[in-house]
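All heavy atoms count here, side chains included; hydrogens, waters and symmetry mates do not. None of the values given here were measured: they were computed from a predicted structure.
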Amino acid sequence: MTIIIAILQAILLVAIAPLLSGITRKIRAKMHARTGTSIFQDYYDLAKLWKRCEVKEGGSSIVSRLAPPIFLGSFILLAAGLPLVMQACPVPILGDIITVLYLMALPRFMFALAAIDSAGSYTAIGGVRELLVGVLVEPSLILVLFVMAVAAGSTNVGVMALSVANLSAYPFVAVVVAGVACAMACYIEMGKLPFDLAEAEQEIQEGPLAAYSGPSLAMMKLGVSLKQLVVASLFVAIFVPFGAAATAAPLELLIGLAVYLGKVLVVFLIASVIENAVMRVRYKFLGRYTWFVVGIASLSLVFLVIGI
């Protein structure tokens with residue numbers, strides 16, 4: 001039964017990821033006093049790309065061809081393993097924080113490697129930027145997950161969620177501070193401003209996409225949208241697990257699904273408002289902002305050590 005839930009969970013996230021991307025784009029347009037495109041525009045774009053032929057760069061190697069399926073597949077595995085509708089992980093091995101961290105690092109590695117493999121200068125800049133953001137945000141995420149693992153007594157995300165839902169995670173202050181740090185780290189991982197250049201994403205943040213076309217570009221674009229949803233779901237699963245189904249009963253699963261969709265929608269709405277309320281920053285200066293996140297994550301570790 002849990003395997004079926006994991007598969008359905010992954011299919012659901014893949015299906016709604018473009019919709020949430022379209023909703024955030026619509027919110028941005030409204031905040032800028034524009035009409036904007038339809039919230040279903042991402043579906044139209046993906047359908048067009050799947051129908052088009054693929055053009056490959058002459059100097060690219062097998063790395064560029066493997067990057068799109070690995071990029072998308074890693075987040076599909078994460079989507080299947082996180083405790084989203086249920087309190088427990090559908091696939092326990094995919095819900096371990098070590099697995100989660102590696103599955104989140106692998107797409108970034110392939111993203112940057114594909115940029116280096118390309119002959120374009122814009123793609124190389126995009127790859128460097130992706131690695132820089134990873135270096136700045138991943139230590140905070142590792143610290144937060146470590147604090148939660150110690151507080152919950154397990155490295156399984158489902159056990160962490162259950163301990164938070166039952167208010168049994170201890171020490172409480174460390175857990176709350178870790179939640180704040182995780183929210184900020186997830187915002188960065190979602191690629192929101194100032195950690196993304198929305199008007200120049202092909203050249204900067206999504207640089208390697210400039211070297212792709214057809215189905216490969218569709219997989220990369222879908223992977224980027226799915227990444228945002230998976231990262232938001234990781235935060236919701238650990239720190240806002242309330243409403244998730246305790247058992248696999250159909251009614252409880254439906255309620256858990258409705259609650260999960262509501263929580264994710266709220267997270268995306270808040271992220272969209274924050275994104276459109278901040279200014280753009282050159283990627284070389286992003287460390288000035290991420291050090292604050294590292295400091296909060298370190299503070300949660302200090303509170304954990306002293307037991308408050």
Trainee: As an exercise, state the distance from NZ of Lys26 to OG1 of Thr35, rounded to the nearest 0.5 Å.
Mentor: 6.5 Å
Trainee: Is there a path of hydrophobic side-chain contacts, each under 4.5 Å between heavy atoms, that joins Val150 and Ile238?
Mentor: no
Trainee: When you measure from the side chain of Lys263 to the backbone of Phe242, do you find a donor-acceptor pair of N or O atoms at a distance under 3.5 Å?
Mentor: yes
Trainee: Of all the heavy-atom pairs spanning Leu13 and Leu229, show the shortest one and how long it is.
Mentor: O-CD2, 3.4 Å
Trainee: Output yes when a side-chain donor or acceptor of Thr99 lies under 3.5 Å from a complementary backbone atom of Ile93, and no otherwise.
Mentor: yes
Trainee: For Phe268 and Ala232, which heavy atoms make the closest approach, and how far apart are they?
Mentor: CE1-CB, 3.9 Å
Trainee: To the nearest 0.5 Å, what is the distance between CG on Asn156 and CD1 on Ile98?
Mentor: 12.0 Å
Trainee: Report whether Ile76 and Leu101 are members of the same hydrophobic cluster (ILVMFWY, side-chain heavy atoms less than 4.5 Å apart, transitive linking).
Mentor: yes
Trainee: Would you check if the side chain of Ser74 reaches a backbone N or O of Ile70 as a donor-acceptor pair within less than 3.5 Å?
Mentor: yes
Trainee: Above 12 or not: heavy atoms from other molecules or residues under 6.0 Å from CZ of Phe172?
Mentor: yes
Trainee: Can you tell me if Ser163 uses its side chain to pair, donor with acceptor, with the backbone of Met160 under 3.5 Å?
Mentor: yes
Trainee: Going by heavy atoms in the side chains, are Leu46 and Lys221 under 4.5 Å from each other?
Mentor: yes
Trainee: To the nearest 0.5 Å, tell me how far Phe111 CZ sits from Leu106 CG.
Mentor: 13.5 Å
Trainee: Could you state the interatomic distance from CG (Leu226) to CD1 (Ile16), rounded to the nearest 0.5 Å?
Mentor: 9.5 Å
Trainee: Mind checking whether Leu253 and Leu257 have side chains closer than 4.5 Å, heavy atoms only?
Mentor: no
Trainee: Taking Ser298 for its side chain and Val294 for its backbone only, find out whether a donor-acceptor pair lies under 3.5 Å.
Mentor: yes
Trainee: Side chain of Tyr260, backbone of Gly243: donor and acceptor closer than 3.5 Å?
Mentor: no
Trainee: Is Val159 reachable from Ile5 through a run of hydrophobic residues whose side-chain heavy atoms are each under 4.5 Å from the next?
Mentor: no
Trainee: Answer yes or no: are there more than 12 heavy-atom neighbours, outside Tyr43 itself, under 6.0 Å from its atom OH?
Mentor: yes
Trainee: Please confirm whether the backbone N or O of Leu82 pairs with a side-chain atom of Gln9, one donor and one acceptor, at under 3.5 Å?
Mentor: yes
Trainee: Keeping the roles fixed (side chain from Lys30, backbone from Arg25), state whether a donor-acceptor pair exists under 3.5 Å.
Mentor: no
Trainee: Quick one: CG on Leu141 to SG on Cys186, what's the gap to the nearest 0.5 Å?
Mentor: 6.0 Å
Trainee: Kindly indicate, with the supporting measurements, whether the criterion side-chain contact (heavy atoms from CB on, under 4.5 Å) is fulfilled by Leu20 and Ser225.
Mentor: CA-CA 8 Å; Leu20 289 174; Ser225 299; over 6 Å; no
Trainee: For Glu189, what residues pass the side chain to side chain donor-acceptor pair (under 3.5 Å) criterion, not counting sequence neighbours?
Mentor: Arg108
Trainee: Rounded to the nearest 0.5 Å, what separation is found between the CD atom of Gln41 and the CD1 atom of Ile39?
Mentor: 11.5 Å
Trainee: Closest heavy-atom contact between Leu304 and Ala151?
Mentor: CD1-N, 4.4 Å
Trainee: Are Met220 and Val224 packed together at the side-chain level, in the sense that at least one heavy-atom pair is separated by less than 4.5 angstrom?
Mentor: no
Trainee: Does Ile306, at its CD1 atom, have more than 12 non-hydrogen atoms belonging to other residues, nucleotides or ligands within less than 6.0 Å?
Mentor: yes
